[in-house]
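As the structure lists them, so they are numbered: ligands from 1, and atoms in each ligand from 1.
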Amino acid sequence: MSEKITLNNRTTTDGKGFPEKAQLILGEKSMELPVVVGTENEPAVDISKLRAQTGYITLDDGYSNTGSCKSAITFIDGEKGVLRYRGVPIEELAEKSTFIETAMLLIFGGLPTQPHLAEFRRILTDNEFLHEDLRHHFEGFPPNAPPMAILSAMINAMGCFQQKWLLPEEDNHFMEAAGRLMSKVRTIAAASYKKSIGQPWIYPRYDLPYVANFLHMMFSQPYRPYEPDPAVVKALDQILILHADHEQNCSTSTVRMVGSSQANLYASVAAGVCALWGPLHGGANVAVIEMLEQIHASGEKVENVIAKVKDKDSKTRLMGFGHRVYKNFDPRAKILKAACDKVLNKLGIHDPLLDIAKQLEETALRDEYFVSRKLYPNVDFYSGIILRAIGIPANMFTVIFSIGRIPGWIANWREVHADPEARIYRPRQVYVGPTQRPYVPMEQRNR
Ligand code: ACO
């Protein structure tokens, strides 16, 4: 049976130049599939009736060609290196906005007015402490517990303490729940760090804004307050802005998937933290620093490293390089490279790892292997060097990423819940296991 898919060439009435329908021919059968075009002219073939009408499903391992939802939150054009939150370019936000304002843009759909911002700040301040019983949870973790495991467990546990906020369907409760989560995540993150180094945890300070307060909880000691350099606060604020959302990546899709079962905000975000933990996703910034440290310690030539990562038998990759969506450059990496130079200069730090990173980038971008595969530095390539300069240890890098990504997860969870037509996410599969066979009693089994 011959099977082919053809897109016909009719244009839409508004002249965008897309066909109205795609025609799918499956042997003798044919079916018209509607073409959906997003506000940034991204065309998609709507296959939602495909199985019902033909018995076929589509197969897209890793989902590279699958739109799992319509979303109005973040737009990425991977070919052009474009990233916009609710329409606002990431470059403008990194330069002019703050993390809290950007979080509100993502969560509530627009930049806040002064009173709206003040109200959200009040919620953040009112919720920066942890319930004493929640605090005692920390005692159950061993000192070397991975901070991402603590973060995920504690976010889930938060749900037990705030059950009335579990399904914040209406706007007032939603704002309160979003602010609580953003605020407490920062306290949990700092407390998990303090636990890991055996220091008493530091209470938040109501007079400090979000990022400065986090740095205070991370680095102050009961007898020695920490006063962050404004350049450090700005750099961390920028890192959080750049990580705040990235459309349907692994962790955000996880949050939407879990949320689609009507699971509450805390449970859904806790699952997102686990997804982010992996080294191919949020864990890559740790892997980058480990790779740079190893190159520095061994004195290995950059050319050798590049040769190794090109060799498939070596099973190593150039960490912080490549991206599923960006095939030209990652706009976040560009901003972070400049921020890296700026903050290290301001703090008077010369980090040999930055020199190695720049040499790796230069060498890779001249190499046919990387050019032909469209592999460029991603957001993780330079962020770790900034975090190191701030004094944040590598095992906390992915936690910082999580703090940044919380607004995106909240916005996506909300979008799933606010959609009156939302259904539980339930992909299908093409089964390739054994066909029917009988149950074999124990005594008749070989082995
Ligand atoms: N180093 C060397 N080769 C690479 C790299 C890399 N970092 N990334 C991809 N390639 C090669 C692959 O080996 C493959 O080569 P082939 O076509 O000869 O087989 C080709 O480029 C395509 O790679 P895929 O794995 O198919 O690309 P995919 O889109 O699935 O993966 C990913 C993207 C996971 C980011 C990948 O580039 C990677 O592993 N990078 C290193 C880890 C990393 O930095 N992750 C952070 C991503 S950003 C984030 O999550 C915030």
- Item | Residue shell around ligand 1, heavy atom under 4.0 angstrom | Leu280, His281, Ala284, Val309, Lys312, Arg317, Leu318, Met319, Gly320, Phe321, Gly322, His323, Arg324, Tyr369, Arg373, Leu375, Asn378, Val379, Asp380, Phe401
- With a 4.0 Å cut-off, would you call Glu128 and Arg205 a salt bridge? no
- Query: Do the side chains of Leu387 and Leu236 get nearer than 4.5 Å, heavy atoms only?
  - Reply: yes
- Would you say the ring centroid of Phe120 lies under 6.0 angstrom from that of Phe108? yes
- Task: Would you check if there is a donor-acceptor pair between the side chains of Arg324 and Ser64 at a distance under 3.5 Å?
- Result: yes
- Answer with yes or no whether the side chains of Gln248 and Thr252 bring together a donor and an acceptor at under 3.5 Å. no
- Task: Kindly state whether the ring of Tyr376 and the ring of Phe321 have centres lying under 6.0 angstrom apart.
- Result: no
